[in-house]
Amino acid sequence: MAVARPLDFYSVHTYGHGLYQHNPLRPSEALQYKLRGASKPCLVSFSSKFHTFCSKVQFLQNPSILGRGLSRNSSLDEVLSAGQLIKEYVQDGNCEDAITIYVKMLEFGLPVEEFRFFPCLIKAFGGLSDVGKAREIHGHVLKLGVLDDVYDVNSLLGVYWKCGAIEDAVQMFEKMCKRDLVSWNTVISGLCHSGDYMGSLRMFSRMIHDHWVLPNRVACLSALTSCSSVQSLVHGRELHGFVVKREIDTDQFLVSGLIDMYMKCGDVKNAEYVFRSIVNEESIRGNPVIWNVMISGYVSNGCLSHAVEVFLEMCQLGCHQILPQWLPL
DNA sequence: TTAGGGTTAG
């Protein structure tokens, strides 16, 4: 069966893509059906490992949970407990088990409309790196009507990027009626990671000029990576000015990003300027990455004696604790 | 609640 792309998911007429297309079941039923019937690679494996973690969750083992004899309040408590557990699993990177718990909630007929952890659950699907599964959870939350929340849409956007579904992600972003800083950062970083560096920089510019949203350090970091990758000194310098103006030029990640950008663009003088203006700061001095960026930048630009000088300076300043990683003694 | 990180080597 052909799977329709979720391009027009804001329309009430388009609930039925993918999993739910031509499917008369309710979303929870449809998801259970799909998951039970799925052949490998299976979304959830009901292995012995599952029973181990299940033992920690009383409500999953309680037969009374099967929907009968439960008051509404106790059902809500179960939904809350399940949500917290899902959150924990996702934080631990245990995405499959997090999804399993949600599937159990559906099986037991818990009122998932009351579930308050959809961003977390959606994020778990990103860990599967499977665009088909991403579309399934998309259809599911769409039908539940929780996609009005920018947190949920942002999470879904992140899932599409993680799955490498660039078109889906971009089109989803373009159709978002409400965007926040995280939405912008997600798309800028997504474009950068997918190799569309100029697209990422255009998005950065559009964010400021067309939408009056002020980029934070996260957006600047992605944009800097894009500048380095395409060796665009013009954009890099512009970005440097922006970072200074925003007074975030002492951020350690941005400092190393700026030095790296200048070095990759062959502008050794400006890399030195950034490095020297910050290296006396106590917090910066102990950061081995900044020294490494500087030394490797010198080497890649053919400034070998400078590389040795900075290396010795680093040792003299008491950064010798990182020496064992460096010297093949 | 959601996004998000820098270097090198191989």
Side-chain angles (χ1 to χ4, degrees), chain A residues 79-80 83-91 98 114-127 137 141 146-162 169 172-173 176 178-193 200 203-204 207 213 215-229 236 239-240 243 248-264 271 274-275 278 283-284 286-301 307 310-311 314 319 322-328:
Chain A
V79 171
L80 183 66
Q84 279 161 348
L85 199 65
I86 286 172
K87 186 180 164 191
E88 273 175 38
Y89 276 122
V90 174
Q91 280 170 349
E114 305 296 335
F115 188 65
R116 291 289 171 266
F117 295 84
F118 278 111
C120 236
L121 175 74
I122 294 168
K123 190 178 174 183
F125 278 78
I137 188 63
V141 292
V146 299
L147 268 188
D148 295 336
D149 189 325
V150 72
Y151 283 75
D152 296 316
V153 187
N154 284 344
S155 296
L156 202 48
L157 195 57
V159 170
Y160 278 128
W161 283 116
K162 284 199 179 89
M172 183 171 186
F173 176 78
M176 284 175 78
K178 185 179 165 194
R179 301 182 187 117
D180 65 5
L181 195 53
V182 173
S183 323
W184 286 99
N185 290 346
T186 305
V187 76
I188 290 168
S189 133
L191 288 167
C192 177
H193 284 136
S200 155
M203 197 59 84
F204 185 88
M207 174 184 184
V213 179
N216 65 356
R217 58 186 293 280
V218 175
C220 291
L221 273 168
S222 293
L224 261 181
T225 304
S226 293
C227 290
S228 302
S229 304
L239 198 53
H240 187 184
V243 164
I248 48 177
D249 52 327
T250 51
D251 179 283
Q252 298 205 20
F253 284 90
L254 286 174
V255 168
S256 59
L258 282 166
I259 296 172
D260 180 55
M261 180 275 295
Y262 279 124
M263 285 298 197
K264 291 235 166 77
V274 174
F275 179 70
I278 203 80
S283 57
I284 297 284
N287 182 337
V289 176
I290 288 173
W291 291 92
N292 288 359
V293 172
M294 200 62 201
I295 293 166
S296 65
Y298 271 137
V299 172
S300 57
N301 279 283
V310 170
F311 174 72
M314 177 185 75
C319 301
I322 60 170
L323 268 176
Q325 301 169 21
W326 279 72
L327 296 175

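Below, chain A is the first sequence line, B the second, and so on; all start at residue 1.
As rounded to whole Å, 11 Å separates atom C1' of dG4(B) from atom CG of Asp251(A). Atoms CG (Asp249(A)) and C1' (dG6(B)) sit 16 Å apart, rounded to a whole Å. Put simply, NZ on Lys178(A) is 17 Å from P on dA3(B), counting in whole angstrom units. Look at CG on Leu181(A): it is 15 Å from P on dT2(B), rounded to the nearest Å. Summarising the geometry, the separation between CE on Met172(A) and C1' on dT2(B) is reported as 12 Å, rounded to the nearest angstrom. Rounded to a whole Å, the CZ atom of Phe204(A) is 15 Å from the C1' atom of dA3(B). Residue Asp180(A) contributes atom CG, which lies 12 Å from atom P of dT2(B) at whole-angstrom precision. As a whole-Å value, the separation of Trp291(A) CH2 from dT7(B) C1' is 14 Å.
Looking only at distances, a side-chain donor or acceptor of Asn154(A) sits under 3.5 Å from a matching main-chain atom of Val150(A). A distance-only check finds no donor-acceptor pair linking the side chain of Asp260(A) to the backbone of Val293(A) [under 3.5 Å].
Nucleic acid contact class of Thr186(A) (heavy atoms, under 4.0 Å, all strands): sugar-phosphate only. At a threshold of 4.0 angstrom between heavy atoms, the contacts of Ile188(A) with the nucleic acid are absent. Within the 4.0 angstrom heavy-atom criterion, no nucleotide atom of any strand lies near Lys87(A).
With 3.5 Å as the limit, one finds no donor-acceptor pair spanning the side chains of Asp152(A) and Ser155(A).
In the set dT7(B), dG4(B), dA3(B), the nucleotide with an atom closest to the side chain of Arg217(A) is dG4(B). Comparing dT2(B), dT7(B), dG4(B) against the side chain of Val293(A) picks out dT7(B) as the nearest.
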At a cut-off of 3.5 Å, list every protein nitrogen or oxygen paired with a nitrogen or oxygen from nucleotides 8-10 of chain B, distance to 0.1 Å.
none

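Residues that satisfy the salt bridge (charged side-chain N to carboxylate O under 4.0 Å, His left out) test with Lys87(A), not counting sequence neighbours, are absent from this structure. In terms of the ring pair (Phe, Tyr, Trp, His ring centres under 6.0 Å) criterion, Trp161(A) has no residue partners (sequence neighbours excluded).
Under the 30°/60° scheme for interplanar angles, the aromatic rings of Phe115(A) and Phe117(A) are found to be tilted.
No option in Tyr298(A), Phe311(A), Phe275(A) other than Phe275(A) meets the ring-ring contact (aromatic ring centres under 6.0 Å, His included) test with Trp291(A).
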